K.L.:
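Encoded as C-alpha cells, here's the structure I'll be asking about.
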Amino acid sequence: MSEKDGSPISTWAPPPRPEWLAQFLTETSGWDAETVAPLDAQELIATASARTGLSDFGSDDWREPLEIMVKAINREAELHLFGRLWTRQELLHFLEVRLQVEEAYRRHPEIEDEVIDKPVFVTGLPRSGTSILFELLAQDRQFLAPANWEFVLPCPPPEAATYRTDPRVPRAHDMITQMGRVAPTYQAMHEMGAWIPNECGVAFRLTFRSQHLAAAFQVPTYVNWLFGADQTPVYAYYRRLLKLLQWRNPRDHWLLKAPEHQSFLPTLFDVFPDARVIVTHRDPVKAQGSVTNLLGTIYWMRSDKAFDARAFEELLTPEGTAARLEQMIDWIEQGTIPADQIVHSKYADLIDSPVDALEKLYAKVGFPFTDQARSAVADYLAHKPKGKFGAHAYQVDQQDRTRQLFHRYQSYFDVPSEA
C-alpha cells in the first residue's frame, strides 16, 4: 500500500460469484439494465403509493436524500442488472414501510404516548466488538434488542403473544440472508438471520440518511452529502419506529447498536436524553483492515466496478477514522456529551474474559448483572465459537504513519495495539 503512488488504500480481490449469479449475469449481459430495472425517485414514490394504496410518508426530510442517492447510484455505482433489480426492490420496500408506519400511527395515535426508557446503545468502530457485545447483552431479559425481522417488516406492529411465532419471520429471514447467497464469503464476516439482533442502521435506511446505504454502493456524491447532513431526522424517526415496535410488545429497556452512533453522539443524546451508551474500543489499525474487506465484498454484490477505497475517505481512510475518534474525545472533554452516561469496553478484555468484562460493564452502566444474565451469556458463548461461519481473512496497514494517527485515541482510552 502506498499513498504516494496513488495505489488503492487496501489490496482487495473480489471473491468468486456463486454459479447462479454468474450465469444470470452472463445470460443478461446484453440487456439494457437501466430500462429493465429503472431507478427514478419520483417513479419509485408513485409505485410505492400505488402498491399500498397509501400516500402519507410522514415528514418530508427523507425526500432530498432519496433523490441524491438515486442520482448517485445511476451516475456512479455502475450496478449490474441483478444489482439494479435488487436495489429497486429494496427502495420500494423502504418507501412502503414508511407508508405503513404512518398508517399505523393514523389509526392508533396513542402510539405516540409510548415512552422509550433508558435505552442502551452500543457503538464503536466497525469490527471492534460491537456485534459480539450486543449479542451477549441481548441474552439479558431486562433488555430487548430488536430482532432483524422487526426492522425489515415492522407493520403491523409485533404483538407479545405472537412475537415468537409471527408468520412474517420466514419471509424476513429470506430477505435478510440474501446477501449471503449473493456473496457466500459474506457469511464469514457477518452473521445473518431473522432472530439475530440487528443494527440501528438497518432501520435508518427508512430515512435514506444511512451509512448502511452508503456502504451498499460506490456513490461518493451521496457519501459526501451524508456526512455533512443533519442526523436529527434519523434519530427522531428511529424513536418513532421504536415506539411502534414496543406498543404491543413491551420491554423494560431497548438494547440498540450501530457503529455510526459514534459519529453522532450529540444528536443521539438530544433525541434520547436518558440513553446509556457503551463504546467499544479496539486497535483501529486492525479494525481498519477488516472493514475495508467487508465493504469491498458488499459493493461487489451489486456491481462489477473495481473497488476504489480512495473515493470513500470518510468511511475508510485512517485519516478519516482518526478524525472521528478524536472528535469523540473532544466532545467528552468539552462537555458536549454526558460523560457519566458513556461506558467504555475494550475488545481485548471482552475476547479474553467476556463474563468478567460484562460484570464490570454492568456496574458502570448501572444495571444489575443477574444470575439469569450470567447463565444465559455463558450458554450463548458455549454455542458460538469464533469463526462459526468460516475464517474472515484480511490485510491491515502497518505503516508507522498510520499508527501515529491513532496515538491520541489509543492513549486516551488505553487501547492496546494488535498489528
Side-chain angles (χ1 to χ4, degrees), residues 21 24 28 31-106 148-157 167-179 181-182 192 194 198 201-217 219 222 226 233-234 237-238 240-241 244-245 298-299 301-303:
L21 181 55
F24 175 86
T28 60
W31 296 14
D32 184 343
E34 293 187 11
T35 301
V36 175
L39 296 173
D40 174 83
Q42 294 308 312
E43 185 272 332
L44 290 167
I45 293 168
T47 299
S49 291
R51 282 163 54 99
T52 60
L54 302 170
S55 60
D56 183 3
F57 290 91
S59 60
D60 284 340
D61 43 47
W62 57 274
R63 292 181 182 271
E64 180 185 12
L66 174 63
E67 289 275 3
I68 292 171
M69 183 184 65
V70 169
K71 287 179 181 178
I73 290 172
N74 284 319
R75 294 173 181 172
E76 300 166 353
E78 299 181 23
L79 302 187
H80 50 56
L81 178 56
F82 180 79
R84 292 186 69 88
L85 289 168
W86 189 8
T87 300
R88 178 177 173 81
Q89 169 61 27
E90 285 189 327
L91 296 181
L92 282 172
H93 178 69
F94 301 153
L95 289 166
E96 290 171 11
V97 169
R98 285 194 67 100
L99 289 165
Q100 293 162 359
V101 167
E102 295 309 312
E103 178 66 7
Y105 268 88
R106 185 188 70 80
N148 239 329
W149 75 266
E150 294 180 85
F151 278 169
V152 173
L153 298 171
C155 293
R168 289 170 289 180
V169 172
R171 179 189 169 204
H173 182 81
D174 184 66
M175 295 168 68
I176 292 160
T177 56
Q178 185 168 35
M179 295 178 76
R181 294 190 295 276
V182 175
M192 298 167 288
N198 211 340
V202 174
F204 287 1
R205 296 180 303 179
L206 299 175
T207 71
F208 301 101
R209 301 179 184 228
S210 165
Q211 290 187 21
H212 271 244
L213 291 174
F217 316 97
V219 282
Y222 174 71
L226 179 65
V234 177
Y237 189 82
Y238 192 38
R240 189 169 177 80
L241 182 63
L244 179 80
L245 293 177
I298 293 174
Y299 296 143
M301 293 180 187
R302 302 171 193 251
S303 174

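Every value quoted in this text rests on a predicted model; they were computed, and no experiment measured them.
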K.L.:
Could you check if a side-chain atom of I45 sits within less than 4.5 angstrom of a side-chain atom of L95, using non-hydrogen atoms only?
P.N.:
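Yes, their side chains come closer than 4.5 Å.
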
K.L.:
side-chain contact (heavy atoms from CB on, under 4.5 Å) for W86 and L79? Distances and angles first, verdict last.
P.N.:
CA-CA 10 Å; W86 189 8; L79 302 187; over 6 Å; no

K.L.:
Taking distance alone, no hydrogens or angles, what donor-acceptor pairs closer than 3.5 Å link side-chain atoms of residues 63-71 to residues at least two apart or in another chain?
P.N.:
unit_1 : atom_1 : unit_2 : atom_2 : d
R63    : NE     : D60    : OD1    : 3.1
E67    : OE2    : Q42    : NE2    : 2.6

K.L.:
Do R302 and T87 have side chains that get closer than 4.5 Å, going by heavy atoms?
P.N.:
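With C-beta onward as the side chain, the pair touches.
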
K.L.:
Report the residues that fulfil side chain to side chain donor-acceptor pair (under 3.5 Å) with R98, sequence neighbours left out, ordered by chain and then residue number.
P.N.:
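Residues passing side chain to side chain donor-acceptor pair (under 3.5 Å) with R98: none at all.
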
K.L.:
If I compare all heavy atoms of R84 with all of L39, which pair ends up nearest, and what's the gap?
P.N.:
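Distance-wise, the nearest heavy atoms are NH2-N, 3.4 Å.
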
K.L.:
Hey, does the side chain of S303 reach the backbone of H80 with a donor-acceptor pair shorter than 3.5 angstrom?
P.N.:
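No.
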
K.L.:
List the residues meeting salt bridge (charged side-chain N to carboxylate O under 4.0 Å, His left out) with R205, not counting sequence neighbours, and say none if there are none.
P.N.:
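Salt bridge (charged side-chain N to carboxylate O under 4.0 Å, His left out) check on R205 returns nothing, list empty.
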
K.L.:
Determine, for R181 against D174, whether the closest basic-nitrogen to carboxylate-oxygen distance falls under 4.0 angstrom.
P.N.:
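Here R181 pairs with D174 in a salt bridge, since their nearest N and O are under 4.0 Å apart.
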
K.L.:
Where does the angle between the aromatic ring planes of F208 and W62 fall among parallel (under 30°), tilted (30 to 60°) and perpendicular (over 60°)?
P.N.:
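Taking W62 first and then F208, their aromatic rings sit tilted (interplane angle of 30° to 60°).
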
K.L.:
List the steps and the verdict of side-chain contact (heavy atoms from CB on, under 4.5 Å) for L244 and E150.
P.N.:
CA-CA 10 Å; L244 179 80; E150 294 180 85; over 6 Å; no

K.L.:
On the 0 to 90° scale, with breaks at 30° and 60°, tag the Y238-F204 ring pair as parallel, tilted or perpendicular.
P.N.:
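Aromatic pair Y238/F204 classed perpendicular.
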
K.L.:
What is the minimum heavy-atom distance between Y299 and F217, and which atoms define it?
P.N.:
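Closest approach of Y299 to F217, heavy atoms only: CE2-O, 3.1 Å.
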
K.L.:
Tell me, do Y105 and D56 make a side-chain contact under 4.5 Å, heavy atoms counted?
P.N.:
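Side chain of Y105 against side chain of D56, heavy atoms only: no contact under 4.5 Å found.
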
K.L.:
Does any non-hydrogen side-chain atom of V152 lie less than 4.5 Å from one of R171?
P.N.:
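The answer is no; the side chains never approach within 4.5 Å.
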
K.L.:
What I'd like to find out is whether the side chain of E103 reaches to under 4.5 Å of the side chain of R106, using heavy atoms alone.
P.N.:
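SC-SC contact between E103 and R106 confirmed.
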
K.L.:
Answer yes or no on whether R168 is positioned over the face of W149, meaning its NZ or CZ is under 6.0 Å from the six-membered ring centre and within 45° of the axis.
P.N.:
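Because its charged atom misses either the 6.0 Å distance or the 45° angle limit, R168 does not stack over W149.
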
K.L.:
Only one of L206, L241, V97, I176 forms a side-chain contact (heavy atoms from CB on, under 4.5 Å) with F151, so which one is it?
P.N.:
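One option only clears the test, and that one is L241.
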
